[in-house]
Amino acid sequence: MTKRAKILTALIAAIGLVVIAPLSAVAYWSVTAPVALTATASTFAVSPFSVAPASAASSTSFVGWETTQYYAAPLVNSGSTPWASHSVAVAAASGFGPAAAATVQVALTASASVCHTDATYAGVTARSALASSSWSSTAPVAAGGTTYACIKLVVADTDTHTPAGQGAPAPTLTLTTTATAAQHNWTAQEQAELTMASTGWAACSTNGGNVVLTLPNGLPSGSYTVTRDDTGAAFPASISPNGKTLTLSNPATRGVETAETYVSVRNAQGTVVAVANLSFRSSYFLVIFFTKSLACA
């Protein structure tokens, strides 16, 4: 082989090395490594969950404008990788009035059996249930393990009105609970919704200085008592022959008052059969003539 031929052969061999080596590197990094990473990440997960009453005494509905309810949400590590931490975020869609008041507390625990116990929430700061909030825990959860989000909801006021001539109010509050599990750079997330319904509201109309409440359900004849939420004062109500309406009058006999307050109607057994928001007014005309009225509010 001539000297020229030897040089050409060496150049061809070098070119072959330059071409083949990068192709091998590209094939390794673009195919092998991502496949291994995806396989590992897919084992990190949180199972779908629901938020349910924590005991027989809790419910997703309540009669009136205030309540305290307890719920539990099981958070299951359905992957094969432990969670290093987990958190629960709560967001609200409120069908209550603009001045409503409600708080929520979330405790992340190892058992659902404590979710209806007030001691579980000791030391947990109450936050507005009508705004967004977040709660977290750094307690690890092993693969296949379960932790629980215990939720205490306190509604102090639905800010519900009973305008004259309109249908009965139907206030609701929907809480969206988002659970997030984390480990290094991996996260997994699931959501569940809980809707609370305030029930028992009556439709209201005026009749002179009195109000007539149309009941959500017909009632048998008997005695019915109306109790004011602000003062606790009680007075009787008259039921119609068909059991569908109650007529209420302002029981005041003296004094000056302009007050808006919730009232509850109870039967002889003390069970609340209807609620409404009413306006009590009383005053004196020409100093000596006492006047009073009751109106829908």
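All residue numbers in this chain count up from 1 along the given sequence.
Residues Ser85 and Trp83 bring no donor and acceptor atom of their side chains to less than 3.5 Å of each other. Glu260 and Ser279 form no side-chain donor-acceptor contact under 3.5 Å, judged by distance and modelled atom types alone. For the residue pair Ser249/Asn210, the side-chain donor-acceptor check at 3.5 Å is satisfied. Side-chain N/O atoms of Thr291 and Ser283 include a donor and acceptor closer than 3.5 Å. Checked by atom type, the side-chain pair Ser78/Ser47 shows a donor-acceptor distance below 3.5 Å. Between the side chains of Thr199 and Ser61, no donor N or O sits under 3.5 Å from an acceptor N or O. No side-chain N or O of Tyr262 forms a donor-acceptor pair with one of Asp230 less than 3.5 Å apart.
Here CG of Leu153 is found 11.5 Å from OG1 of Thr60. Values are rounded to the nearest 0.5 Å. Once rounded to the nearest 0.5 Å, the distance linking OG of Ser205 with CG of Leu213 reads 8.0 Å. Atom NE2 of His116 is separated from atom OG of Ser55 by 5.5 Å, given to the nearest 0.5 angstrom. Atom OG1 of Thr271 sits about 9.0 Å away from atom CZ of Arg266, to the nearest 0.5 Å. In this structure, Asn185 CG and Phe44 CZ are separated by 10.5 Å, a value rounded to the nearest 0.5 Å.
Looking at every heavy atom in both residues, Val226 comes nearest to Ala237 through CG2-CB, 3.7 Å. Residues Gly243 and Leu215 share a closest heavy-atom pair of O-CD1, 3.7 Å. Scanning all heavy atoms of the two residues, the minimum distance from Thr253 to Phe290 falls at C-CE2, 3.5 Å. Smallest separation of non-hydrogen atoms from Ala192 and Val51: CB-CG2, 4.2 Å. Shortest non-hydrogen contact noted between Thr158 and Gly64 is CG2-O, 4.3 Å. Among all heavy-atom pairs drawn from Ala164 and Cys296, the shortest one is N-CB, 3.6 Å.
In this structure, the side chain of Tyr71 does not engage the main chain of Cys115 through any donor-acceptor pair within 3.5 Å. Formation of a donor-acceptor pair under 3.5 Å by the Ser240 side chain with backbone atoms of Thr245 is found in this model. The backbone N or O of Tyr70 lies less than 3.5 Å from a partner atom in the side chain of Ser58, making a donor-acceptor pair. Judged by distance alone, with hydrogens and angles left aside, the side-chain atoms of Asp229 form no donor-acceptor pair with the main-chain N or O of Val263 at under 3.5 Å. When atom types are taken as modelled, the side chain of Gln69 and the backbone of Ser59 share a donor-acceptor pair closer than 3.5 angstrom. Of the possible polar contacts, none joining the Asn267 side chain to the Tyr224 backbone as a donor-acceptor pair under 3.5 Å is found. Without hydrogens or angle criteria, Asn277 side chain to Thr162 main chain gives no donor-acceptor distance under 3.5 Å. Remark: side-chain polar atoms of Thr176 are not paired, donor with acceptor, to backbone N or O of Glu193 under 3.5 angstrom. Proximity of a side-chain donor or acceptor of Ser94 to a complementary backbone N or O of Phe96 within less than 3.5 Å is detected. Side chain of Arg127 to main chain of Ser134: a donor-acceptor pair is present (N/O by atom type, distance under 3.5 Å, no hydrogens or angles).
For the pairing with Lys152, the side-chain hydrogen bond (donor to acceptor under 3.5 Å, both in side chains) check across Asp118, Thr103, Thr68 returns one residue only, Asp118.
Counting only heavy atoms from C-beta outward, the side chains of Leu248 and Val212 never approach each other to under 4.5 Å. Using a 4.5 Å cut-off on side-chain heavy atoms (C-beta onward), Met196 and Thr67 make contact.
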Donor-acceptor pairs under 3.5 angstrom involving side-chain atoms of residues 104-111: please list them, not counting sequence neighbours.
from: Gln105; atom 1: NE2; to: Tyr121; atom 2: O; distance (Å): 3.3
from: Gln105; atom 1: NE2; to: Val124; atom 2: O; distance (Å): 2.6
from: Thr109; atom 1: OG1; to: Ser111; atom 2: O; distance (Å): 2.9
from: Ser111; atom 1: OG; to: Ser113; atom 2: N; distance (Å): 3.1
from: Ser111; atom 1: OG; to: Ser113; atom 2: OG; distance (Å): 2.7

- [ ] Carefully, step by step, assess Arg228 and Glu257 under the rule salt bridge (Lys or Arg N to Asp or Glu O under 4.0 Å).
- [x] CA-CA 14 Å; Arg228 291 178 54 158; Glu257 179 184 40; 2.7 Å; yes
